[in-house]
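One structure below.
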2 protein chains.
Amino acid sequence: MSVRQAPATALDATTAASQVYAALKRDLIRGRFVAGEKLAINHLKETYAVGLSPLREALNRLAAYGLLAQENQRGFRVPALKRRELDDIAGLRQQFEVQALEAALRQGDAQWEAELLAAFHRLKRADEQPDALEHWEQMHLQFHRRLLEPCGSAWLLRFIEQLHDQFDRYRRMAPAHQDIRAQLDVQHAELVELALARGIAEARELIHAHIQLSYDVAKSACSE
Amino acid sequence: MSVRQAPATALDATTAASQVYAALKRDLIRGRFVAGEKLAINHLKETYAVGLSPLREALNRLAAYGLLAQENQRGFRVPALKRRELDDIAGLRQQFEVQALEAALRQGDAQWEAELLAAFHRLKRADEQPDALEHWEQMHLQFHRRLLEPCGSAWLLRFIEQLHDQFDRYRRMAPAHQDIRAQLDVQHAELVELALARGIAEARELIHAHIQLSYDVAKSACSE
DNA sequence: TCATAGTAAAAAATCGATTTTTCTAGCATA
DNA sequence: TATGCTAGAAAAATCGATTTTTTACTATGA
């Protein structure tokens, strides 16, 4: 009945639900939706050009992840940005990342050092890409992921990633969040140095201050 | 076309997807599925008496939560029980719950004390219920939830709950897990005492030992 | 014997339509 | 004016069928 597809399709061997999930996740963190807004599923169907089933599966995943709120029989809502919750998220991020960084510095090997340098280099060069803003965010996330990677606890990394995503919703909604880019980039360079030198005590201080800097900016995203 | 339902339906104002989610979650933690097993969706459809859509939504939520593994275009799989992962989970549980307990003892009020006592009482009386084993597990979970509740960090509680669910997959799969019930129950009583007396240092020790006890039993659930 | 292409069956993923529930006005009643 | 009721519309949730992808099996040729 159907014409056999060209083998090219083998490249994007990913499911429609996963693609919508990724796209929606990106747009939620980016701030494409108004905080507190109710999602119109039929509208999303058109925006993301998918059917109802994969879309609903993606929404369910995002709700389980904490980037959406699911209300009994009345669909999905973008969570509000609450100052109390930001404080909670930022505090845990500081605690978890300080801990993970120390473990990573103790356990990271030469291979990790090389990959960290590579990630840092891509971050520095992010501005040269088209769509520089979004690309920097992407490289920034990858840099931090790489930095903590050899900490030895998969679940701690999972929680850190989740908190990071939550945190970024606030940070990227803040009006002045672009203005601290230069300061953050200085800290990234220092983090790399300390990582290679295994300066644990200083690295702990720095990652804490690094999160604090974004945190101070992010605060302006909340009303309450 | 359809006969108007009696108002009784207003009681179970919950969606089919949520019900399957709850049932599947319970059965996964209970050990009803073989670790590593691939789930046959069409079979689950009959077992849980639901259609494909709500079932798939539930599976997607469980995968995002970490109780299922989702493989590219080949469905869902029950995660294997790995010793390395158990160690990770138990270690984080100890750390997080020690921290949350201290915060809870500092912040819990009289209302909390009353509810904790109530939860403890229900736990003690669990054996008298029909289906005593499952009921004890239920009350046990609620007791621990209540204990840490006033810690002040919603996200920390969320992570603790998630780790607890993961941990219980291992614990309840261990052959001898029933044998330590008596010891656990003694510790629960001591935890209540310390909570009311705000004995922070001792409570920290005790919750750590409490998790360690189950952890030692749970180890026998893993092959590798 | 082994590797490999072809094919049928099974399973997963998706679509389109239907059912159920919630929301919104408008109307009647006190 | 406020309150409650109800039909109609809108939205959410679910079902049944279709399409796509993977898996298992078989035959073929090196």
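Please read these numbers as outputs of a predicted model, since none were measured by experiment. By convention in this document, chain letters (A, B, ...) are assigned in the order of the sequence lines, proteins followed by strands, and residues within each chain are numbered from 1.
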Checklist line | DNA chain D: 5'-proximal contact among B:Val50 and B:Lys38 (nearest heavy atom) | finding: B:Val50
Round to a whole Å and report the spacing from [atom1] of [X] to [atom2] of [N].
{"X": "A:Phe76", "N": "C:dT22", "atom1": "CZ", "atom2": "C1'", "result": "16 Å"}
{"X": "A:Asn42", "N": "D:dA13", "atom1": "CG", "atom2": "C1'", "result": "12 Å"}
{"X": "B:Leu39", "N": "C:dA13", "atom1": "CG", "atom2": "C1'", "result": "16 Å"}
{"X": "B:Gln73", "N": "D:dT23", "atom1": "CD", "atom2": "P", "result": "10 Å"}
{"X": "B:Asn72", "N": "C:dA11", "atom1": "CG", "atom2": "P", "result": "19 Å"}
{"X": "A:Glu46", "N": "D:dA11", "atom1": "CD", "atom2": "P", "result": "12 Å"}
{"X": "A:Lys45", "N": "D:dA11", "atom1": "NZ", "atom2": "C1'", "result": "12 Å"}
{"X": "A:Glu71", "N": "C:dT22", "atom1": "CD", "atom2": "C1'", "result": "12 Å"}

Check: Do A:Asp165 and A:Arg169 sit within salt-bridge range, that is, some charged N less than 4.0 Å from a carboxylate O?
Finding: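 Judged by the 4.0 Å cut-off on N to carboxylate O distance, A:Asp165 and A:Arg169 do not form a salt bridge.
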Margin query: Over all strands shown, is A:Leu55 touching base, sugar-phosphate only, or nothing at heavy-atom distances under 4.0 angstrom?
Written below: nothing
Notebook entry, point to check: Is A:Ile41 touching bases, backbone alone, or none of the nucleic acid, heavy atoms closer than 4.0 Å?
Noted result: sugar-phosphate
Looking only at side-chain N and O atoms, does [X] come under 4.0 Å of OP1 or OP2 in [N]?
{"X": "B:Arg56", "N": "C:dA13", "value": "yes"}
{"X": "B:Arg74", "N": "D:dT23", "value": "yes"}
{"X": "B:Thr15", "N": "D:dA12", "value": "no"}

Next item on the list: Using the six-membered ring wherever Trp is involved, compare the ring planes of A:Phe143 and A:Phe120 and label them parallel, tilted or perpendicular (cut-offs 30° and 60°).
Entry: tilted
Next item on the list: Check the angle between the aromatic planes of A:His188 and A:His144 and answer parallel, tilted or perpendicular using the 30° and 60° thresholds.
Entry: perpendicular
Margin query: Going by salt bridge (Lys or Arg N to Asp or Glu O under 4.0 Å), B:Glu134 matches just one of B:Arg172, B:Arg26, B:Arg32. Which one?
Written below: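 Among B:Arg172, B:Arg26, B:Arg32, the one meeting salt bridge (Lys or Arg N to Asp or Glu O under 4.0 Å) with B:Glu134 is B:Arg172.
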Notebook entry, point to check: Toward the 5' end of DNA chain C, which comes first, B:Ala40 or A:Gly51, by nearest nucleotide?
Noted result: B:Ala40
Checklist line | Distance-only polar pair, side chains of A:Gln95 and B:Gln99, donor-acceptor under 3.5 Å | finding: yes
